[in-house]
Participant: 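Questions regarding the structure given below will be posed in turn.
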Amino acid sequence: MVDNPQQSLKKKSISAVIWSGADLFMRQGFQFIVAIILARLLSPDEFGTIALLYLFTGIASTFVDSGFSAALIQKNDATLTDESTVFWFNLFMGAVMTAGLWFIAPWVSEFYNSPELIVLTRFLAFTVVINALGSVHNTLFVKALNFKPGMKIGVISSLSSGLLAIYLAREGFGVWALAVQALLTSIVTTILLWFFSPWRPRWKFSLKSVQSLFGFGSYLMAAGLIDIIYKQLYTVLIGKIYGVSQLGFYDRANNTKQIPIKLLSGILARVAFPIFSAAKKDKEKLYKGVQLAVQSLMLINTPIMFGILVTADNLVLVLFGEKWLESVPLLQILCLAGIFWPLHVINLNVLKAQGYSGLFFKLEVFKKVFGTLFLLVGIFYYGVPGLAWSQVAFSFIAFFINAFYTGKKINYGAWKQIWDFISILFISFAMAVAVYFTRYYIIDSALVILINQMIIGICLYTLLCVLLQVKAYKTVIKLFSRR
């Protein structure tokens, strides 16, 4: 019997979540293990130095894609000519951006008063053009919800680049261990994308395709630029005002908080957009899909953020060592901002899937203006912790702005979304309180205390979800048990 389109999409969606999750879990799992080892081998100064370049490489990468990847996914009838046009455009822009980073390297070095940034910037510039070579292959895998190749690619690239970085760090290469890791990741990933993907570009370039795709993608490119500038502005401010050591501490806190968020949001961003795009003409199906995404992601993300918040001191001490303890208060603050993060991804993907790229752009401008004001006030009046608190304020306000338009488009606004995860919020808070006070009853090493806190937290959270019959918990268990 042939499945009807709705059942087929549902099965494909669940399969995509599983494989995408496996890909990101294994890839980020390797990256996390490597990060722990490197954090023990390298200093906050060395991590801070590489972080100084995040803004510049991020802007260059956004220009390369120009929103075309999202446009290819959103366009259900994209042709081979469209795909080839995007490939050649991305490659051209990748070369231009690489050359641009090469020429501005002395200015970057002078701005931060760090001579080694000249060679470091030029070295990392090559990651931009290398990534451009595989961008369409990756986009087509995502559009087809085929994440099996991505899992293999992620594991191989993360493992090979991580092992080399660890070797270089042990041999005393310092920040260059991190730079080589980034470049090798790009090289291996691109080679494997070409190996696993049957797609090959044709010698075709259509201005008509550029106009068609750019009409949608240009707004996303502009929004992406605004987003990357806002997200990485902290590297400039902290690095310039407080130095690379403080930037290293903040970056360690931010990256630690981002580990579960990147995993969950990464799955969501890769799976939700294609699925929401496929269901964009059926409002009821889209509503149910978005509701399921909200419940599923908050069911997992909320207790993790609260859990990291109350175990941050032991977590940092056990994983990264005593020299990173200064990042603990920053990590705790940023976890509060991380609670709402999956909701931003969900709501923005609804707008993208519906084709509202112009509205998406306007929202990004509006939000980032407020976010930048919060950020500047926070850092100039309250220092680096103030910058972290500005992220909490921005996260809360941005959720209501994003969800307002989801409410307008599919009648699933902020208050309906909150109602769907309010019980999860209270249960997670109760679990966190219980976990926090266990430290006064377990007298042992930081590792033993942390393990006990994790076990108690997981068991207590699951027990409360079952006893209180949390709707999201029952829905997710039912969905994957059927699978």
Participant: Applying ring pair (Phe, Tyr, Trp, His ring centres under 6.0 Å), can you list everything that pairs with Phe47, at least two apart in sequence or on another chain?
Facilitator: Trp324

Participant: After noting the C-alpha distance and the side-chain angles of Tyr436 and Leu309, does the key distance pass the side-chain contact (heavy atoms from CB on, under 4.5 Å) rule?
Facilitator: CA-CA 9 Å; Tyr436 176 79; Leu309 190 155; over 6 Å; no

Participant: With sequence neighbours excluded, what pairs up with Phe366 under the ring pair (Phe, Tyr, Trp, His ring centres under 6.0 Å) test?
Facilitator: Phe370

Participant: May I have all residue pairs that pass salt bridge (charged side-chain N to carboxylate O under 4.0 Å, His left out) and include part of residues 321-333, sequence neighbours excluded?
Facilitator: none

Participant: Filter on salt bridge (charged side-chain N to carboxylate O under 4.0 Å, His left out), then keep only pairs touching residues 300-317, sequence neighbours left out; what's left?
Facilitator: Asp313-Arg439

Participant: Which residues pass the side-chain hydrogen bond (donor to acceptor under 3.5 Å, both in side chains) test with Gln417, not counting sequence neighbours?
Facilitator: Asn347

Participant: Per the salt bridge (charged side-chain N to carboxylate O under 4.0 Å, His left out) rule, what does the pair list look like for residues 165-186, sequence neighbours excluded?
Facilitator: none

Participant: Could you walk me through whether Ser186 and Thr127 pass side-chain hydrogen bond (donor to acceptor under 3.5 Å, both in side chains), step by step?
Facilitator: CA-CA 6 Å; Ser186 296; Thr127 63; 4.7 Å; no

Participant: Using the test salt bridge (charged side-chain N to carboxylate O under 4.0 Å, His left out), find all partners of Lys368 that sit at least two apart in sequence or belong to another chain.
Facilitator: Asp227, Glu364

Participant: Side chain to side chain contact (heavy atoms under 4.5 Å, CB included) with Lys416: which residues, sequence neighbours excluded?
Facilitator: Tyr287, Asn411, Tyr412

Participant: Mark yes when over 12 heavy atoms from residues, nucleotides or ligands other than Lys240 sit less than 6.0 Å from its NZ; otherwise mark no.
Facilitator: yes

Participant: So which pairs with a foot in residues 29-50 pass salt bridge (charged side-chain N to carboxylate O under 4.0 Å, His left out), sequence neighbours left out?
Facilitator: none

Participant: List, one per line, each side-chain donor-acceptor pair under 3.5 Å for residues 421-434, sequence neighbours excluded.
Facilitator:
{"unit_1": "Ser428", "atom_1": "OG", "unit_2": "Ile424", "atom_2": "O", "d": "2.8"}

Participant: For residues 445-456, tabulate all N or O donor-acceptor pairs below 3.5 Å that involve a side-chain atom, not counting sequence neighbours.
Facilitator:
{"unit_1": "Ser445", "atom_1": "OG", "unit_2": "Val448", "atom_2": "N", "d": "3.3"}
{"unit_1": "Asn452", "atom_1": "ND2", "unit_2": "Val448", "atom_2": "O", "d": "2.8"}
{"unit_1": "Gln453", "atom_1": "NE2", "unit_2": "Val435", "atom_2": "O", "d": "3.4"}

Participant: Just jot down the ring pair (Phe, Tyr, Trp, His ring centres under 6.0 Å) partners of Phe394, sequence neighbours excluded, or say none.
Facilitator: Tyr230

